[in-house]
J.: 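Once you've had a glance at the structure underneath, I'll fire off some questions.
Labels below follow one simple rule: chain letters A, B, ... track the order of the sequence lines, proteins then strands, and each chain is numbered from 1. This structure is a prediction, so every number in the text was calculated from the model and none was measured.
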2 protein chains.
Amino acid sequence: MSDAVDQILGQWARERPDLDAWPMGIIGRINRLSRLVDRELKDFFAAHGLEHWEFDVLATLRRSGPPYALTAGALNRAAMVTSGAITNRIDRLAAKGLVERVPDEQDRRSVRVRLTERGRALVDEVVGLHVANEARLLASLSPDRRMELADLLRDLLESFGDTSIE
Amino acid sequence: MSDAVDQILGQWARERPDLDAWPMGIIGRINRLSRLVDRELKDFFAAHGLEHWEFDVLATLRRSGPPYALTAGALNRAAMVTSGAITNRIDRLAAKGLVERVPDEQDRRSVRVRLTERGRALVDEVVGLHVANEARLLASLSPDRRMELADLLRDLLESFGDTSIE
DNA sequence: ATTGATAATCTCAACGTTGAGATAACAGCA
DNA sequence: TGCTGTTATCTCAACGTTGAGATTATCAAT
């Protein structure tokens, strides 16, 4: 019926009736949902001894297919963080034995980051539970509405030029 | 037609056909959109000499109505950050003369944070441009689809219990 | 009044990211 | 071969948030 964003819109309507703040009804909700989902996922991964970003890197490598290796730059773009952050993350995952740095034969500037067997086993074990947990968070929407929502978000994402993971 | 998340779903379908990763089609997109929108807003506010969080605090105070004063705790919950972060933000806004701390008469544990006249003038000047900028980011969706999207996001937000800004 | 529980804010050390700069390697071309 | 511009990664200081703990005040019950 009414959520936190509706209340914010109501406040603006009262204080600045000259303004139509409808865009906040979408952007504000995307922002709030993103934070709330992050909290849930953080709890989920913590229960499995992982940080959210750890799973993120491992999953990116896993879904790229054998030999489960990507360059630091590719991980960089996939995670949408800066290069310093990825260097740090790779360091820590390597220290835990979940990935290893392999020199790139073709391009000696590049480093290939490869899942170790332990890393692959871990991500394959957790990903199913992770998807089930995400499904739980979306359980309130009917299957039809889930598709509608995914379609609308896809169109919006495309309008931002987010059309490729590479 | 296809965005970055569709590609990710395609990778999972190839690598783990036993898994139906549909929830990522919603949660992954919300996450990516949130980051992309944040970047846009950061650029917008920078062009107006503001940080995103600065506008956020000022706008929260402004839309609460006269006397444009809230407790630190209320700002805390509105911004969805921890108490240490809000203390820091209030400090810096006060140093810039955009807000001031006022002792709460009713509850001496509380601090009321009030917009200064300069702060009020600033937020009133920028908020209209901000809404127009957000509208620009959503221009690719027809008015009907905007409403559909807002409705779906509202339902989802409610299912997370996000039903009040207080 | 006193006690104990709860609440509001601030403090601060630990931590991770940012973003600019350094380094090394590649690619195209004269 | 040497030059120039570009690309990939790492380094590191600056910065902001987190989250636990300290402080002070309020409230309820006795």
J.: Using the C1' atoms of five pairs at each end, what's the angle between the two axes of the helix from C:dA1-D:dT30 to C:dA30-D:dT1, to 10 degrees?
T.: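 It comes to 20° between the two terminal axes.
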J.: For DNA chain C, what residues of residues 57-68 of chain A have any heavy atom nearer than 4.0 Å?
T.: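 Hits under 4.0 Å, by residue number: none.
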J.: Passes salt bridge (charged side-chain N to carboxylate O under 4.0 Å, His left out), B:D162 versus A:R35? Steps please.
T.: CA-CA 11 Å; B:D162 191 41; A:R35 288 168 187 256; over 6 Å; no
J.: Calculate, to the nearest 0.5 Å, the distance between atoms CE and CG belonging to B:M147 and B:L152 respectively.
T.: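 Going from CE on B:M147 over to CG on B:L152, the span is 11.0 Å.
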J.: Can you list every pair that meets side-chain hydrogen bond (donor to acceptor under 3.5 Å, both in side chains) and has a residue in residues 113-130 of chain B, with sequence neighbours left out?
T.: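 Passing the test, one end in residues 113-130 of chain B: A:R16-B:D124, B:R62-B:D124, B:E100-B:R114, B:E117-B:R120, B:R120-B:D124, B:H130-B:E134.
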J.: For a quick test of reading the model, state the closest non-hydrogen atom pair linking B:F44 to B:L129 and the distance between them.
T.: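 Heavy-atom minimum between the residues: CZ-C, 3.6 Å.
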J.: Which residues pass the salt bridge (Lys or Arg N to Asp or Glu O under 4.0 Å) test with A:R145, not counting sequence neighbours?
T.: B:D155
J.: side-chain hydrogen bond (donor to acceptor under 3.5 Å, both in side chains): which pairs involve residues 41-60 of chain B, sequence neighbours left out?
T.: B:E54-B:K96
J.: For B:A85, answer base if it contacts any base atom (sugar-phosphate contacts may also be present), sugar-phosphate if it contacts only those atoms, and nothing otherwise; contact means non-hydrogen atoms under 4.0 Å.
T.: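 Result for B:A85 = base.
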J.: Using salt bridge (Lys or Arg N to Asp or Glu O under 4.0 Å) as the criterion, list what pairs up with B:R101, not counting sequence neighbours.
T.: B:D91
J.: Report the residues that fulfil salt bridge (Lys or Arg N to Asp or Glu O under 4.0 Å) with B:E105, sequence neighbours left out, ordered by chain and then residue number.
T.: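 In terms of salt bridge (Lys or Arg N to Asp or Glu O under 4.0 Å), with neighbours along the sequence ignored, B:E105 is linked to no residue.
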J.: With sequence neighbours excluded, tell me which residues meet salt bridge (Lys or Arg N to Asp or Glu O under 4.0 Å) with B:D38.
T.: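 If we apply the salt bridge (Lys or Arg N to Asp or Glu O under 4.0 Å) test to B:D38, skipping adjacent residues, there are no hits.
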J.: When you list every nucleotide of DNA chain C with an atom under 4.0 Å from a heavy atom of chain A, which one comes first 5' to 3', and which comes last?
T.: C:dG16 to C:dC26
J.: If you take all heavy atoms of A:I86 and A:A79, which pair is closest and at what distance?
T.: CD1-CB, 4.3 Å
J.: Are side-chain heavy atoms of A:M80 and B:L36 found at a separation under 4.5 Å?
T.: yes
J.: Can you name the atoms? Protein N/O to nucleotides 2-5 of chain D N/O, anything below 3.5 Å, with the distance.
T.:
none

J.: In residues 102-112 of chain B, which residues come under 4.0 Å of DNA chain C by heavy atom?
T.: B:R109, B:S110, B:V111
J.: How close do A:L9 and A:A21 get, heavy atom to heavy atom, and via which atoms?
T.: CD2-O, 3.3 Å
J.: Nearest 0.5 Å please: distance from the CG atom of B:L50 over to the CG atom of B:L41.
T.: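 Answer rounded to 0.5 Å: 12.5 Å.
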J.: Mind checking if A:G84 touches a base, just sugar-phosphate, or nothing, with heavy atoms under 4.0 Å?
T.: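 Base contact.
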J.: Where is the tightest heavy-atom contact between A:D20 and B:V131, given as atom of each residue plus distance?
T.: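 In terms of heavy atoms, the two residues are closest at O-CG1, 3.4 Å.
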J.: My understanding is that only residues two or more places apart in sequence, or in another chain, count here; which of them pass side-chain contact (heavy atoms from CB on, under 4.5 Å) with B:S159?
T.: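 A:S140, B:L156.
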